Enquirer: 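Sharing a structure here in structure tokens format.
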Protein chains: 2
Amino acid sequence: MDQVDSKILSLMHENARISISEMSKMIAMSQPAVSERLRKLEEQGVVTAYRAQLSPQKLGKHTSAFVMFKTNCCPDFIKFCEASPEIVDLYRISGEYNFLMKVLTETSESLTQFLDTCNPYGFSTTIIVLSTAFEDKSLITSKV
Amino acid sequence: MDQVDSKILSLMHENARISISEMSKMIAMSQPAVSERLRKLEEQGVVTAYRAQLSPQKLGKHTSAFVMFKTNCCPDFIKFCEASPEIVDLYRISGEYNFLMKVLTETSESLTQFLDTCNPYGFSTTIIVLSTAFEDKSLITSKV
DNA sequence: GTTGAAAAAACAGAGGA
DNA sequence: TCCTCTGTTTTTTCAAC
């Protein structure tokens, strides 16, 4: 992991569909060399996936919320969460609550309906997202 | 936005570096047709970005937390957050707190140091992430 | 790490259901 | 309108160095 790798990761964070040849021009290195470095970063698990980022709004998901949950049936609860399309992220947390999840629903009504389906598993507190200032800031501080 | 578009978005969520030609085989449609559909989805803003997903651990970020913040100097606070590399996500929220942020730091010590830098802006509550059950579940429920 | 040739993919235009 | 077919250009892969 040197500065060239950092630059590759930084470019890939900006646009994961950039071609290897374009990257190779930007970092002044031959295309097979860049290709091999990227392959190694994938192999080492530094790059875990390449994902298209989709607009929730354009897909009809207009309500976003974080829900903190307190449950004592963890394995079942995790299965339930995996099967719930509304839940995009699920974290195990410390403190009064067990879990924190990010939820996307069409409307506040469908959020209510979703919360009702969670009731059998325990107690929750819901934090409504009013707006997103920014998301997915790069983990890499690339020089050059 | 028909089922073919859904399938394209689903494939792109799984692997954003998939080639158009491979997708065209999978959905039994010619390559220019798939290419044009993807172009339109980008143009319409359904696809907002393509990002490499990086492993925080492999980049030395071993501590993950959500921090709720209460501040009365919003514009300045947002600028501060944008300039803080530890903060990857920032949301405006309803309730007792103003903001919710996701923070990644190297250790719990560096999390403490980060929280100290936030002090001038208001009050915070920190939720430590013990583990991630899952993240970035697909927004698309693609048939076929 | 570079170069250069072969294979694959993306692009752009013409024409058809 | 949306798709397919086809030829051209670009990119990727793989050999040898």
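Just so it is clear, the structure is predicted and the values come from calculations on it, not from any experiment. Letters A, B, ... are given to chains in the order of the sequence lines, protein chains preceding strands, and every chain is numbered from 1.
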Enquirer: Taking the ring of A:Phe69 and the ring of A:Tyr121, is the distance between their centroids below 6.0 Å?
Expert: no

Enquirer: Rounding to an integer number of Å, can you tell me how far B:Glu36 CD sits from C:dA14 C1'?
Expert: 15 Å

Enquirer: Would one find more than 12 heavy atoms of other residues, nucleotides or ligands at under 6.0 Å from atom CE of A:Met1?
Expert: yes

Enquirer: Measure the distance from CD1 on A:Ile18 to C1' on C:dA9 and round it to the nearest whole Å.
Expert: 17 Å

Enquirer: Please determine, for the side chain of A:Ser19, which listed nucleotide (D:dC3, D:dT12, C:dA9) has the closest atom?
Expert: D:dT12

Enquirer: Taking the side chain of A:Ser35 as heavy atoms from C-beta outward, which of C:dT2, D:dT13, D:dC3 is closest to it?
Expert: D:dT13

Enquirer: If you find the nucleotide of DNA chain C closest to A:Asp2 and the one closest to B:Lys25, which residue's nucleotide is nearer the 5' end?
Expert: A:Asp2

Enquirer: Figure out the CD/C1' separation between A:Gln31 and C:dA9, and round it to whole Å.
Expert: 13 Å

Enquirer: For B:Glu22 and C:dA8, what is the distance between atoms CD and C1' respectively, to the nearest whole Å?
Expert: 12 Å

Enquirer: Please give, in whole Å, the distance from C:dG1 P to A:Ile27 CD1?
Expert: 9 Å

Enquirer: How long is the line joining CZ of B:Arg17 and P of C:dA10, in whole Å?
Expert: 11 Å

Enquirer: Which of the following nucleotides, D:dT13, D:dT12, C:dG1, is nearest to the side chain of A:Pro32?
Expert: D:dT13

Enquirer: With the side chain of B:Arg37 defined as its heavy atoms from C-beta on, choose the nearest nucleotide among C:dC11, C:dA9, D:dC3.
Expert: D:dC3

Enquirer: Taking atom CZ as the centre, does B:Phe134 end up with more than 12 heavy-atom neighbours from other residues, nucleotides or ligands that are less than 6.0 angstrom away?
Expert: yes

Enquirer: Rounding to an integer number of Å, can you tell me how far B:Lys40 NZ sits from D:dC3 C1'?
Expert: 11 Å

Enquirer: Show the nearest heavy-atom pair for residues B:Ile140 and B:Ser6, with the distance to one decimal.
Expert: CG2-O, 3.4 Å

Enquirer: Heavy atoms under 4.0 Å, any strand shown: does B:Ser21 hit a base, just sugar-phosphate, or nothing?
Expert: sugar-phosphate

Enquirer: Give A:Arg39 one of three labels, base, sugar-phosphate or nothing, depending on what nucleic acid heavy atoms sit under 4.0 Å from its own.
Expert: nothing

Enquirer: If I take atom CG in residue B:Asp5 and atom C1' in nucleotide D:dT1, what distance separates them, rounded to the nearest angstrom?
Expert: 14 Å

Enquirer: Would you say that B:Met12 contacts B:Leu9 through its side chain, given a criterion of any heavy-atom pair below 4.5 Å between the two side chains?
Expert: no

Enquirer: Counting only side-chain heavy atoms from C-beta out, which of D:dC3, C:dA12, D:dT12 sits nearest to A:Ile20?
Expert: D:dT12

